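Throughout, a chain's letter reflects where its sequence line sits, starting with A, and its residues are numbered from 1. Predicted model only: the values in this text are computed from it and were never measured.
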Amino acid sequence: MTDREAPAGDDYVGDERRRRLAKLESLRAGGVEPYPVRFDRTHTAAELHEVWDGLAPGEETDDVVRVAGRLLLIRRQGKLTFATLRDGTGTVQLFVSDAEIGRDAHASFDDLDLGDFVGAAGTVLRTKRGELSVKVATFELLAKALRPLPEKWHGLSDVDTRFRMRYVDLIANDDARRVFAIRFAVIAALREQLLGRAFVEVETPVLHAQAGGAAARPFTTYHNALDLPLSLRVALELHLKRLLVGGYERVFEIGRVFRNEGLGTRYNPEFTMLELYQAYADYRDMATLTEELVATCAEAATGSTTVSVGDQQLDLAPPWPRRPMLDLIEEHAGVRVHPSTPVSELEAFADRLEVPREIGWGPGKLVMEIYEKTVEPNLVGPVFVTDYPREVSPLARAKPEDPTLVERFEVVVLGRELANAFSELNDPVDQRARFEDQAKLAAAGDVEAHGVDEDYLRALEYGLPPCGGLGIGVDRLVMLVAGVSTIREVILFPQLRPETGETGVEGGAG
RNA sequence: GCGCCCCUAGCUCAACUGGCUAGAGCAAGUGACUCUUAAUCACUAGGUUCGGGGUUCGAGUCCCCGGGGGCGUACCA
């Protein structure tokens with residue numbers, strides 16, 4: 001039941017909310033339903049602007065339309081009122097006059113509040129000042145808003161509020177809507193390109209008995225009926241490759257993965273990955289595919305392959321340079337290293353370069369750390385960094401000419417990893433050995449290393465065709481294309497600490 | 001996790017080195033206005049200065065504890 005009294009903790013918007021609640025009651029008392037079931041509209045705002053584009057200022061038509069949206073601005077002008085209505089496609093002006101609908105109806109229009117959803121029917125005209133408008137003959141409240149909108153000019157800028165109440169952010173801030181439009185366009189473009197290349201889109205489990213496919217700490221949960229501890233997936237990889245064993249030749253999944261790690265400007269505990277696997281391809285094919293996918297996404301979302309982040313501008317048009325990791329280390333750090341370099345020498349290099357290290361790291365891990373600390377942050381890109389140490393790539397195929405390295409690349413843009421790909425390891429015996437190395441690390445206390453996945457090995461023993469695999473961090477791709485610097489700007493509801501205290505949400509202290 | 005910074009009206013922001021009754025715009029209320037575009041004009045109301053404690057004649061301002069947030073850093077194949 002509705003109650004005249006605001007629930008505890010809900011009066012922080014104070015009098016305004018109470019005033020609107022009272023208005024709600026008086027509307028009902030007057031026979032007006034403030035939340036009616038539906039409204040049939042004939043045109044969206046965008047359609048209206050498109051169809052009546054040629055209308056001259058001051059010109060009126062007899063064309064009757066029905067429009068609906070949220071009331072954003074009201075300019076009352078005595079016997080005439082102008083209002084700005086926004087729907088999902090844009091805005092349109094309502095033109096309300098005593099002469100058209102009578103004084104009483106006009107008064108009840110003026111009684112609407114900013115934020116209310118309204119439906120209106122009337123004729124199309126362009127005002128003398130050139131604004132395309134609907135001259136309202138009848139209107140109807142579609143949903144009463146009880147809370148006031150943020151400042152109409154500055155919008156909502158408190159980032160905490162923006163992320164906690166994304167619905168308000170989206171109402172108030174054009175830039176929020178712009179960024180998410182880019183996100184949706186990027187994801188649609190990814191899907192469209194892959195479907196066009198004969199990939200099938202699949203869905204694989206989120207709950208894993210054994211997390212794997214990436215070095216990351218998983219979230220754990222528990223299935224009661226099975227009496228079974230489970231992990232949320234940290235990668236899509238191992239199930240997708242099982243599907244190639246099953247006979248699919250090109251599969252992809254765009255899905256949420258979960259990593260139980262710190263959050264920050266570039267990290268959210270759940271984020272969206274694209275992973276794809278293609279039979280009879282290798283990491284070179286993946287590189288070509290990556291640059292085409294990314295450039296096409298940028299073009300589809302913004303009309304250009306040029307993106308700008310901060311004061312940096314870069315062009316994503318292919319081809320991007322391919323640079324072996326060991327060469328880049330030599331360029332940036334001035335040392336020639338290799339996974340066959342003695343560990344003591346690598347440790348000395350690390351110390352000289354002020355790269356933190358831990359006792360017991362193998363040569364591949366040391367090379368990788370030297371790269372990540374001295375090279376990666378300085379790469380502008382886009383660039384393919386190729387040929388990673390085998391030791392840090394347990395799922396990638398070794399390079400035939402140098403088995404201490406693997407056929408793998410990461411794409412780096414503005415010092416950040418955007419994509420990761422390799423020629424997939426399909427030798428079950430080799431894979432078992434790599435898993436066992438990982439299991440040793442896990443046993444030694446590495447919370448990110450995972451154990452031996454026996455079912456995956458069994459699948460490999462049935463035969464995995466040679467294949468290339470690619471993973472793209474979708475959120476980071478969107479950040480790049482949209483030109484924003486924090487991941488929270490591209491995730492609709494980023495992870496935050498729960499609200500506490502008297503915030504007007506939830507039922508108070510409980 | 002650690003370091004630095006921030007939190008004032010529904011929203012966006014003021015308030016000097018601690019000093020009079022914490023101000024302004026928008027939003028809200030009342031009134032005027034038939035072509036406005038962030039409409040304009042007049043008047044009105046609106047505050048637990050994030051919460052708690054302390055120092056002081058006096059705290060939005062200084063100190064301590066707590067909460068939330070931002071940035072950096074660490075963790076992050």
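Atom name C1', nucleotides B/C57 and B/C62: the rounded distance is 16 Å, in whole Å. Between B/G66 and B/G58, the distance separating the two C1' atoms is 26 Å to the nearest Å. One P atom belongs to B/A45, the other to B/G1, and the distance between them is 47 Å to the nearest Å. Taking atom P in both B/U73 and B/C65, the straight-line distance is 26 Å, to the nearest Å.
Within 4.0 Å of A/Pro394, counting heavy atoms only, lies at least one base atom of the nucleic acid.
For A/Arg497, the salt bridge (Lys or Arg N to Asp or Glu O under 4.0 Å) test picks out no residue, with sequence neighbours left out. Shown here are the side chain to side chain contact (heavy atoms under 4.5 Å, CB included) partners of A/Thr81, two or more places apart in sequence or in another chain: A/Ile74, A/Arg76, A/Val96, A/His106, A/Phe109, A/Asp110. Remark: A/Arg390 pairs with A/Asp430 by the side chain to side chain donor-acceptor pair (under 3.5 Å) rule, at least two apart or across chains. Take A/Asp104 and apply the side chain to side chain contact (heavy atoms under 4.5 Å, CB included) test, not counting sequence neighbours, and it matches no residue. The side chain to side chain donor-acceptor pair (under 3.5 Å) test applied to A/Trp320 returns no partner, not counting sequence neighbours. Partners of A/Asn420 by side chain to side chain contact (heavy atoms under 4.5 Å, CB included), not counting sequence neighbours, listed by chain and number: A/Arg408, A/Glu410, A/Phe422. With sequence neighbours excluded, no residue satisfies side chain to side chain donor-acceptor pair (under 3.5 Å) with A/Thr386.
Straight-line distance from the CD1 atom of A/Ile370 to the P atom of B/A77: 17 Å, rounded to whole Å. The CG atom of A/Asp169 sits 13 Å away from the C1' atom of B/C11 (whole-angstrom rounding).
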Check nucleotides 71-73 of chain B for protein N or O atoms closer than 3.5 Å to its own N or O atoms and list the pairs.
| unit_1 | atom_1 | unit_2 | atom_2 | d |
| --- | --- | --- | --- | --- |
| B/G72 | OP2 | A/Thr265 | OG1 | 2.8 |

With the criterion being N/O to N/O and under 3.5 Å, what pairs connect the protein with nucleotides 22-26 of chain B, and how long is each?
| unit_1 | atom_1 | unit_2 | atom_2 | d |
| --- | --- | --- | --- | --- |
| B/G25 | N2 | A/Glu151 | OE2 | 3.2 |
| B/C26 | O3' | A/Lys152 | NZ | 3.1 |

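Considering only side-chain N and O atoms, A/Arg76 lies nowhere under 4.0 angstrom from the phosphate OP1 or OP2 of B/C33. For the OP1/OP2 pair of B/G69 and a distance below 4.0 Å, the side-chain nitrogens and oxygens of A/Arg497 include at least one atom meeting the criterion. Residue A/Arg164 places at least one side-chain N or O under 4.0 Å from the OP1 or OP2 atom of B/G69. Considering only side-chain N and O atoms, A/Lys79 lies under 4.0 angstrom from the phosphate OP1 or OP2 of B/U34. Side-chain N/O atoms of A/Ser157 include one lying less than 4.0 angstrom from OP1 or OP2 on B/U12.
Contact annotation: the side chain of A/Leu425 never approaches that of A/Leu395 to less than 4.5 Å [non-hydrogen atoms, C-beta and beyond].
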Only Watson-Crick and G-U wobble pairs with both distances less than 3.5 Å should count. Give RNA chain B in dot-bracket notation, marking inter-strand partners with |. (((((((..((((.....[...)))).(((((.......))))).....(((((..]....))))))))))))....
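Residues from residues 231-240 of chain A placing a heavy atom under 4.0 Å of any atom in RNA chain B do not occur. Applying a 4.0 Å cut-off to non-hydrogen atoms, the residues of residues 95-112 of chain A that approach RNA chain B are A/Phe95, A/Ala99, listed by residue number.
A/Thr204 and A/Glu253 are linked by a side-chain donor-acceptor pair at a separation below 3.5 angstrom, with hydrogens and angles left out of the test. For A/Tyr371 and A/Glu369, the side-chain atoms include no donor-acceptor pair closer than 3.5 Å.
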